[in-house]
S.K.: 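What follows is a structure written as structure tokens; I'll ask about it next.
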Amino acid sequence: SVCCTTPKMKLAIASLLVGSAAAFAPAQQAFRATTSLQATATDAKAFAKLPATVKPGVVTGDALVDLLDAAKEQDYAIPGVNVVGSNSINACMEAAAKYGGPIMVTFSKGGGQFIAGKSLDNTDDFASIAGTIAAAKHVREVAALYGVPVVLHTDHCQKAWLPWIDGLLAASEEHFEQTGEPLFSSHMLDLSEEPLEENIAICKEYLEKFAKVGILLEFELGVTGGEEDGVDNTDVDSSRLYTQPEEVWYSYQELSKVEGGAFTCAASFGNVHGVYAPGNVDLQPKILDNSQAYIKEKLGSDEDKPMKFVFHGGSGSSVEEIKEAITYGVIKMNIDTDTQWAYWDGIREYEAKYHDYLQGQIGNPEGDDKPNKKYYDPRMALRAGEEAMAARLCKAADDLNCVNVLN
């Protein structure tokens, strides 16, 4: 595994100092324009196995596209992990530093609200917006110190939740004006409940706004089954769990019309959210391969994998199925259920280990007058959760071929 050594820390600090030097191109030039200042900042490669544009810290714009292209070409997928606070955020970046790869820190609308504070009024998504922005700023302050590329992403946003994305986009536009790059790297719009044409029309409208500040769009086709953080598809018609190549091609065509736009596709191939025993999910990764072949034929292209796919709802999928999906162009896999359990399990194990030291402020097996403060300090149990979550993510990275992909 890879740890944060002194040279890496120096590199991380250097990346903080170049700041806007590695900034994103002017809006009208979209994703692929560079300035002489940017060229200077990206000449030196930070990672031997990645393009020079990719530096430690939050990755956006051209650098994000280059990172995802590298994942597709080298057959690995980046863990995309749902977080609910600084503890889970830091566990993600700690894990990435250990397994030697990028990480995608992912906020849900509910997660953003939790970060702001559950006691707050969330009328008009104000708390969700504020919490997600606050967490993104935390990541921006510390990400480079971990010495790995970090993608700041938001998860499922259905049509009724678009005001949440509007608020985050406004924050990215402000950040872009100040620094030359957006606050967030990418946003997911999940309009799969709408007719295909409406889904893609709205996505196209947002992609036009995203492209101006260097934000990548993730969109969904079909439906990911199960339930996760307010999105419940447990009773959906099973046919909607499998996306057709024609739908992927239509989406690719329409979104490719946006100048400077960059996008990934969450196509459904039997994947579901939630907890399932292996064998209970009928995953069909071949659907992704068929879609790639269909697009390649339509384009008359030599590229075997023109679309970047993402994998939602990996619960119950075998490692073999996951690795097969990666060969068909999956560059990111969402992880939530398993890391939630790992975090809790770390806390549970801590309590079990020190149970007799956690029954009162004073008095334990070492003596009735012995203080227990160092055991019930919240940082102790929370740290145990972080360590367990990071360990689970290292296992996930191995499943996704994402170990030692930087150097």
Side-chain angles (χ1 to χ4, degrees), residues 15-16 18-43 46 50-72 78 80 102-107 129 132-133 135-137 139-141 143-144 148-155 157 162 164-189 202-219 255-265 308 310 331-332:
S15 73
L16 284 173
V18 299
S20 60
F24 189 69
Q28 66 274 20
Q29 297 181 45
F31 271 67
R32 285 298 169 190
T34 55
T35 65
S36 59
L37 190 59
Q38 287 174 306
T40 301
T42 57
D43 280 346
L50 292 176
T53 53
V54 183
K55 304 293 185 183
V58 175
V59 178
T60 67
D62 290 357
L64 175 57
V65 174
D66 290 343
L67 173 62
L68 299 184
D69 282 341
K72 187 171 67 169
I78 301 169
I103 187 74
M104 192 171 290
V105 175
T106 306
F107 306 104
I129 292 168
T132 308
I133 291 171
K137 289 181 177 180
V139 175
R140 282 220 167 249
E141 285 296 318
V148 297
V150 178
V151 180
L152 269 176
H153 182 65
T154 59
D155 209 359
C157 177
L162 286 172
W164 173 52
I165 294 298
D166 293 336
L168 304 184
L169 177 58
S172 274
E173 289 170 341
E174 181 181 351
H175 195 270
F176 184 88
E177 290 177 5
Q178 297 169 351
T179 68
E181 64 177 41
L183 180 61
F184 295 90
S185 308
S186 53
H187 295 300
M188 180 192 186
L189 300 187
I202 295 174
C203 284
K204 189 175 178 182
E205 176 186 333
Y206 273 84
L207 183 56
E208 288 170 349
K209 299 174 185 177
F210 291 175
K212 292 176 182 177
V213 293
I215 295 174
L216 179 141
L217 166 73
E218 178 183 318
F219 68 99
L255 295 176
S256 294
K257 295 175 182 176
V258 177
E259 183 179 357
F263 53 86
T264 61
C265 175
K308 298 181 186 73
V310 298
I331 48 80
K332 186 260 292 189

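In this chain, residues are counted from 1 in sequence order.
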S.K.: How far apart are the closest heavy atoms of Lys332 and Gly80, and which atoms are they?
M.R.: CD-CA, 4.0 Å
S.K.: Testing the basics here: between Gly214 and Pro182, what is the closest heavy-atom pair and its distance to 0.1 Å?
M.R.: O-CG, 3.7 Å
S.K.: To check you understand the geometry: which heavy-atom pair defines the closest contact between Thr264 and Val310, and what is its length?
M.R.: OG1-CG1, 3.8 Å
S.K.: State which residues pass side-chain contact (heavy atoms from CB on, under 4.5 Å) with Ala171; sequence neighbours excluded, sorted by chain then number.
M.R.: Ile133, Leu183
S.K.: For the atom pair CD1 (Ile215) and OG1 (Thr154), what is the distance rounded to the nearest 0.5 Å?
M.R.: 8.5 Å
S.K.: Salt-bridge test for Glu181 and Arg140: reply yes if a basic N is under 4.0 Å from a carboxylate O, no otherwise.
M.R.: yes
S.K.: Give, for atom CG of Leu162 and atom CD1 of Ile202, the distance between the pair rounded to the nearest 0.5 Å.
M.R.: 6.5 Å
S.K.: So, applying side-chain contact (heavy atoms from CB on, under 4.5 Å) with Leu67, which one of Pro102, Ser185, Pro51 is it?
M.R.: Pro102
S.K.: Please report the C-alpha distance between Leu217 and Leu255 in whole Å, then the side-chain angles of each, then the deciding distance to 0.1 Å, and finally whether the side-chain contact (heavy atoms from CB on, under 4.5 Å) criterion is met.
M.R.: CA-CA 10 Å; Leu217 166 73; Leu255 295 176; 4.2 Å; yes
S.K.: Looking only at heavy atoms, what is the nearest atom pair of Leu207 and Ala262, with distance?
M.R.: CD1-O, 3.6 Å
S.K.: I'd like to know whether Val139 forms a side-chain contact (heavy atoms from CB on, under 4.5 Å) with Val150, so could you lay out the CA-CA distance, the side-chain angles of the two residues, the decisive distance to 0.1 Å, and finally the verdict.
M.R.: CA-CA 9 Å; Val139 175; Val150 178; 3.9 Å; yes
S.K.: From Ser256 OG over to Phe263 CZ, what is the distance, rounded to the nearest 0.5 angstrom?
M.R.: 3.5 Å
S.K.: Does a salt bridge link Lys212 with Glu173, judged by any charged N lying under 4.0 Å from a carboxylate O?
M.R.: no
S.K.: Are the side chains of Thr60 and Val213 in contact, using a 4.5 Å heavy-atom criterion?
M.R.: no
S.K.: For residues Ala63 and Val54, report the shortest heavy-atom separation together with the two atoms involved.
M.R.: O-CG2, 3.5 Å
S.K.: With no hydrogens and no angle check, just 3.5 Å: does a side-chain donor-acceptor pair link Thr106 and His153?
M.R.: no
S.K.: Supply the atom-to-atom distance Leu189 CG to Cys157 SG, rounded to the nearest 0.5 angstrom.
M.R.: 6.0 Å
S.K.: Roughly how far apart are Lys308 NZ and Cys265 SG, rounded to 0.5 Å?
M.R.: 12.0 Å
S.K.: Could you list the residues that satisfy side-chain contact (heavy atoms from CB on, under 4.5 Å) with Glu208, not counting sequence neighbours?
M.R.: Lys204, Val258
S.K.: Identify the heavy atoms of Ser186 and Leu64 that sit nearest to each other, and give their distance.
M.R.: CB-CD2, 4.4 Å
S.K.: Mind checking the NE2-CG spacing from His187 to Leu168? Nearest 0.5 Å is all I need.
M.R.: 5.0 Å
S.K.: Students often mix this up, so state it plainly: with edges at 30° and 60°, are the rings of Phe107 and Phe184 parallel, tilted or perpendicular?
M.R.: perpendicular
